[in-house]
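Notes for the one structure printed next.
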There are 2 protein chains.
Amino acid sequence: MTTTSLDRKIDTRLKEHDARYTRGRRLVVTTLAGSDGPKSAGELHADIGSTIPLSSLYRSLAVLEESGVLVPHFTKLGVARYELAEWLQGHHHHLVCLHCGAVEDLALPQSYEERVRELVEEIGSTVSFTPVNHAFEIEGICSRCA
Amino acid sequence: MTTTSLDRKIDTRLKEHDARYTRGRRLVVTTLAGSDGPKSAGELHADIGSTIPLSSLYRSLAVLEESGVLVPHFTKLGVARYELAEWLQGHHHHLVCLHCGAVEDLALPQSYEERVRELVEEIGSTVSFTPVNHAFEIEGICSRCA
DNA sequence: TTCCTTGCAAACGATTTGCATTGGA
DNA sequence: TCCAATGCAAATCGTTTGCAAGGAA
């Protein structure tokens with residue numbers, strides 16, 4: 001089993017949370033790392049192959065989320081989709097297809113990103129609310145459904 | 001029962017979809033109209049009082065969504081929150097509290113809104129994706145949880 | 001009368017949990 | 001050895017649906 005720099009970072013992070021970087025958790029991470037957008041437990045289960053029962057998969061997702069390795073997104077009813085946290089994957093946004101529901105990652109050029117950040121800060125300063133993250137999602141029709 | 005201009009618009013819209021603007025549906029709409037952010041079926045059920053069984057409430061939400069009166073949002077696992085569509089309530093964004101999960105509406109000043117729109121258009125033109133909506137959510141800590 | 005709507009209860013699907021077993025440091 | 005991690009089955013929870021009764025045009 002190859003240990004990438006990603007694996008090393010995650011291993012360290014999990015140890016800080018008294019958790020182990022086990023086979024099941026690695027499978028989840030590597031599948032997500034090779035993915036072009038957030039994936040649900042069901043999708044991961046299908047991608048990984050049924051080597052791992054769903055209940056264990058859910059537990060892996062919970063541990064990885066608590067340790068800050070994964071972040072959940074809720075774009076569809078009753079389904080959580082996970083992706084690697086920003087410190088592992090970099091900051092980005094999402095394109096959500098209104099037709100097929102697929103979610104695609106979208107990395108903005110530096111200049112755009114700065115404009116989004118500015119906007120969030122300015123807005124935050126005008127309301128009694130302390131911004132932590134921003135989610136800038138563009139909903140529309142993806143190329144496949146066009 | 002007072003019939004507002006909102007009610008009239010909705011009544012018309014529902015008729016176009018061969019649906020009636022019934023007591024239960026009115027209750028949902030007026031509750032949402034008096035709300036400061038999207039509400040889930042459970043929250044609506046609590047707010048309205050248990051005059052209406054949950055199953056009927058869900059059916060009302062489904063009809064109102066299909067007719068374009070309500071729009072669902074999915075910010076939390078397993079829970080859909082609804083609000084009046086933009087043509088009834090106006091365009092706005094959301095502040096999502098990471099601590100208590102509450103969602104608050106946020107109307108941006110014209111100048112900000114233009115900047116968001118510009119950004120979406122520019123981004124849309126650089127990817128093979130046709131933007132329809134944009135959801136610009138700011139996640140953070142609300143004043144109550146601060 | 002004709003259909004849409006409602007209530008109630010049962011069914012569903014995603015996710016969670018109890019418990020006994022396995023496995024790694 | 002000790003405690004975290006896993007598998008399986010049963011339980012939860014939000015949401016949906018079948019069916020018979022009620023209501024508006």
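Here is the naming used below: chain letters follow the sequence lines, and residue numbers restart at 1 for every chain.
- The salt bridge (charged side-chain N to carboxylate O under 4.0 Å, His left out) search around B/D105 returns none, not counting sequence neighbours.
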Return all side-chain donor-acceptor pairs below 3.5 angstrom for residues 123-130 of chain B, not counting sequence neighbours, or 'none' if the list is empty.
unit_1, atom_1, unit_2, atom_2, d
B/S125, OG, B/E122, O, 2.7
B/T126, OG1, B/I123, O, 2.7

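- Computed from coordinates, the A/D18 CG to D/dC2 P distance equals 18 Å when rounded to whole Å.
- Taking five base pairs at each end of the helix from C/dT1-D/dA25 to C/dA25-D/dT1, the local helix axes there meet at an angle of 30°, rounded to 10°.
- For B/R115 and B/Y112, the positive end sits near the middle of the six-membered ring, less than 6.0 Å away and at most 45° from its axis.
- Computed from coordinates, the B/H17 NE2 to C/dC3 C1' distance equals 18 Å when rounded to whole Å.
- Nucleotide C/dC4 holds its C1' atom 17 Å from the OH atom of B/Y21, rounded to whole Å.
- Legend: residues meeting ring-ring contact (aromatic ring centres under 6.0 Å, His included) with A/H92, ordered by chain and number and at least two apart, are A/H94.
- Counting to the nearest Å, the P atom of D/dA24 and the CG atom of B/D11 are 14 Å from each other.
- With sequence neighbours excluded, the residues forming a side-chain contact (heavy atoms from CB on, under 4.5 Å) with B/R20 are B/T22, listed by chain and number.
- Side-chain contact, A/H93 with B/H134: no donor N or O sits under 3.5 Å from an acceptor N or O.
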Could you pull out the protein-nucleic contacts involving nucleotides 21-25 of chain C (nitrogen or oxygen on both sides, under 3.5 Å)?
unit_1, atom_1, unit_2, atom_2, d
C/dG23, N2, A/R20, NH1, 3.4

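- No continuous path of hydrophobic side-chain contacts links A/V79 to A/V96 [ILVMFWY only; heavy atoms under 4.5 Å].
- Rounded to an integer number of Å, the gap from CG of B/L57 to P of D/dT17 is 16 Å.
- The pair A/R26-A/D7 meets the salt-bridge criterion, with a side-chain N (NZ, NE, NH1 or NH2) lying under 4.0 Å from an Asp/Glu carboxylate O.
- B/S40 and B/R81 make their closest contact through N-CG, 3.8 Å (heavy atoms, listed as atom of the first residue, atom of the second, distance).
- For A/Y82, there are no ring-ring contact (aromatic ring centres under 6.0 Å, His included) partners at least two apart in sequence or on another chain.
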Write out a two-atom table: protein N or O, nucleotide N or O from nucleotides 12-15 of chain D, distance below 3.5 Å.
unit_1, atom_1, unit_2, atom_2, d
D/dG14, O3', B/G78, O, 2.6
D/dT15, OP1, B/A80, N, 2.8
D/dT15, OP2, B/Y58, OH, 2.2
D/dT15, O5', B/Y58, OH, 3.1

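- Here B/F74 is tied into one hydrophobic group with A/F74, A/L77, B/L77, each link being a pair of ILVMFWY side chains closer than 4.5 Å.
- Regarding A/L44, its CG atom lies at a distance of 14 Å from the C1' atom of C/dA14, rounded to whole Å.
- For the salt bridge (charged side-chain N to carboxylate O under 4.0 Å, His left out) test, no residue two or more places apart in sequence or in another chain qualifies with A/E121.
- Computed from coordinates, the A/L61 CG to C/dA14 C1' distance equals 12 Å when rounded to whole Å.
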Can you tabulate the close N/O pairs, meaning under 3.5 Å, that link protein atoms to atoms of nucleotides 6-9 of chain D?
unit_1, atom_1, unit_2, atom_2, d
D/dT6, OP1, A/T22, OG1, 3.0
D/dG7, OP2, A/S56, OG, 2.9
D/dG7, N7, A/R59, NH2, 3.4
D/dG7, O6, A/R59, NH2, 2.7
D/dC8, N4, A/S55, OG, 3.4
D/dC8, N4, A/R59, NH2, 3.0

Taking distance alone, no hydrogens or angles, what donor-acceptor pairs closer than 3.5 Å link side-chain atoms of residues 56-72 of chain B to residues at least two apart or in another chain?
unit_1, atom_1, unit_2, atom_2, d
B/S60, OG, B/S56, O, 3.3
B/S67, OG, B/V63, O, 3.0

